[in-house]
Amino acid sequence: MNTQYRINKSVLELKVGDITEEDTDAIVNAANTRLSPGGGVSGAIHRAAGPGLWEECKKLGGCNTGEAKLTGGHNLKARYVIHTVGPVYSGSASDSKNLRNSYYNSLLLASSHNIKSIAFPSISTGIFGYPAKDASLIALQAIISFLEEHPEIELVKMVLFSEEDYQTYKSSLEKILKDRK
Ligand code: AR6
């Protein structure tokens, strides 16, 4: 299942899949502040990348919520992993700001390393408990406003792990695009 949309000069794709199999230049990890493997998508990325990824992460001194750090992809198809820490959902106003920063700072870091294609999971909507519908609107708005200013990123994929999440992101994206007209 997948749909592609043109945003400015770039492509934004929504798909159902396993992000560890993506061959984009970079994949994004929904990490914790210690950048330790953990569970969820992070555990899957560390398993697929091999132990060298954790060895590299240990040297980075952790990562604050809303920020992003770059490592190599090790045994993954992707050349790089961008680790970002989304907010633990609390219901306060800082949640949306931190989630927006996670997407925006990941894209800025990608751009500064000449990365042309990048795949994101649905950050914070698993173990961190962010409601998927609210998170999808924030994620997609952050990606769209970035692409409007940065055509150097040619392809952004949102890789959703369930058909339900895919439908949530799809209806949010269609709503955002309709409201922009
Ligand atoms: N490919 C794509 N998406 C996936 C995959 C996969 N292989 N596996 C899970 N997802 P989560 P968070 C989806 O919990 O909420 C870790 O332990 C999953 O269905 O991985 O940001 C870290 O160390 C959900 O939609 O990330 C942190 O402590 C989405 O990825 C904490 O979890 C995000 O779920 C981060 O929690």
Side-chain angles (χ1 to χ4, degrees), residues 1-3 12-51 53-58 60-71 73-78 80-92 94-107 109 117-140 142-143 155-173:
M1 205 166 279
N2 95 355
T3 324
L12 172 55
E13 178 175 333
L14 305 181
K15 67 179 281 191
V16 178
D18 177 350
I19 201 166
T20 65
E21 292 169 6
E22 286 298 327
D23 62 359
T24 41
D25 296 340
I27 65 169
V28 176
N29 180 20
N32 58 48
T33 52
R34 292 189 305 126
L35 298 180
S36 65
V41 69
S42 176
I45 289 172
H46 276 270
R47 273 193 301 281
L53 181 60
W54 174 217
E55 291 307 316
E56 193 181 352
C57 283
K58 279 180 194 165
L60 297 178
C63 182
N64 292 327
T65 302
E67 293 180 0
K69 295 219 172 155
L70 183 109
T71 65
H74 298 266
N75 297 336
L76 294 165
K77 289 180 196 158
Y80 298 105
V81 180
I82 291 176
H83 306 262
T84 188
V85 183
V88 178
Y89 186 70
S90 67
S92 71
S94 60
D95 294 339
S96 59
K97 180 175 133 271
N98 285 327
L99 189 61
R100 191 174 308 112
N101 285 343
S102 275
Y103 283 92
Y104 209 85
N105 287 328
S106 297
L107 288 163
L109 189 58
S117 59
I118 181 169
F120 283 93
S122 177
I123 295 164
S124 283
T125 66
I127 293 163
F128 281 177
Y130 213 120
K133 183 161 181 263
D134 296 349
S136 67
L137 289 164
I138 293 160
L140 294 163
I143 294 167
L155 171 65
V156 177
K157 291 189 193 185
M158 279 298 319
V159 182
L160 290 325
F161 208 44
S162 68
E163 206 168 300
E164 191 187 346
D165 279 349
Y166 172 83
Q167 294 302 345
T168 300
Y169 273 76
K170 190 162 185 264
S171 42
S172 292
L173 184 51

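In this chain, numbering begins with 1 at the start of the sequence shown. Each ligand, and each atom within it, is numbered from 1 in the order the structure gives. The basis for the numbers below is simple: all heavy atoms, side chains too, and nothing from hydrogens, waters or symmetry mates.
A side-chain donor-acceptor contact under 3.5 Å links Ser102 to the backbone of Val85. Side chain of Thr84 to backbone of Glu67: a donor-acceptor contact under 3.5 angstrom is found. Under the 3.5 Å distance criterion, the side-chain polar atoms of Asn32 are matched with a main-chain donor or acceptor of Ser36.
Taking CG of Asp134 as the reference point, atom OG of Ser172 lies at 9.0 Å (rounded to 0.5 Å). Here the CD1 atom belonging to Ile19 is positioned 11.5 Å from the OG atom belonging to Ser42, to the nearest 0.5 angstrom. Interatomic distance, CG of Leu173 versus OG1 of Thr168, reported as 12.5 Å (0.5 Å rounding).
Scanning the protein heavy atoms around atom 21 (O) of ligand 1, the nearest turns out to be Ser124 N, 2.8 Å. Given atom 30 (O) of ligand 1, the protein heavy atom at minimum distance is Val41 CB, 3.9 Å. The nearest heavy-atom contact from the protein to atom 24 (C) of ligand 1 is Thr125 OG1, 3.9 Å. For atom 22 (C) of ligand 1, the closest non-hydrogen atom of the protein is Ala30 O, 3.6 Å. Protein heavy atom at the shortest distance from atom 32 (O) of ligand 1 is Ile127 CD1, 3.3 Å. Atom 17 (O) of ligand 1 has Gly39 N, 2.8 Å as its closest protein atom, hydrogens excluded (heavy atom only). The shortest contact between atom 13 (C) of ligand 1 and any protein heavy atom is with Phe161 CB, 3.8 Å. Looking at atom 29 (C) of ligand 1, its nearest protein heavy atom turns out to be Ser122 O, 3.3 Å.
Neither side chain, Tyr130 nor Ser122, offers a donor N or O lying under 3.5 Å from an acceptor on the other.
The contact set between ligand 1 and Gly38, taken as ligand atoms under 4.0 Å from a residue heavy atom, comprises 17 (O), 23 (O). The Gly40 neighbourhood of ligand 1 comprises atoms 20 (O), with distances under 4.0 Å to a heavy atom of that residue. Each of the atoms 25 (O) of ligand 1 lies under 4.0 Å from some heavy atom of Asp165. Near Asp18, meaning under 4.0 Å from any of its heavy atoms, are these atoms of ligand 1: 1 (N), 6 (C), 7 (N).
Using 4.0 Å as the threshold, Gly86 has no heavy atom nearer than that to any atom of ligand 1.
Minimum heavy-atom separation, Pro121 to Val28: CD-O, 3.1 Å. Taking every heavy atom of both residues into account, Glu163 and Val16 meet most closely at CA-CG2, 4.2 Å. For the residue pair Ala48 and Thr20, the shortest heavy atom distance occurs at CB-CB, 3.9 Å.
The heavy atom nearest to atom 31 (C) of ligand 1, out of those in Phe120, Phe128, Tyr89, is found in Phe128. Considering Ile45, Ile27, Val85, Asn32 only, the shortest heavy-atom separation from atom 23 (O) of ligand 1 involves Asn32.
Any N or O atom pair closer than 3.5 Å counts here, and Ile19 shares at least one such pair with ligand 1.
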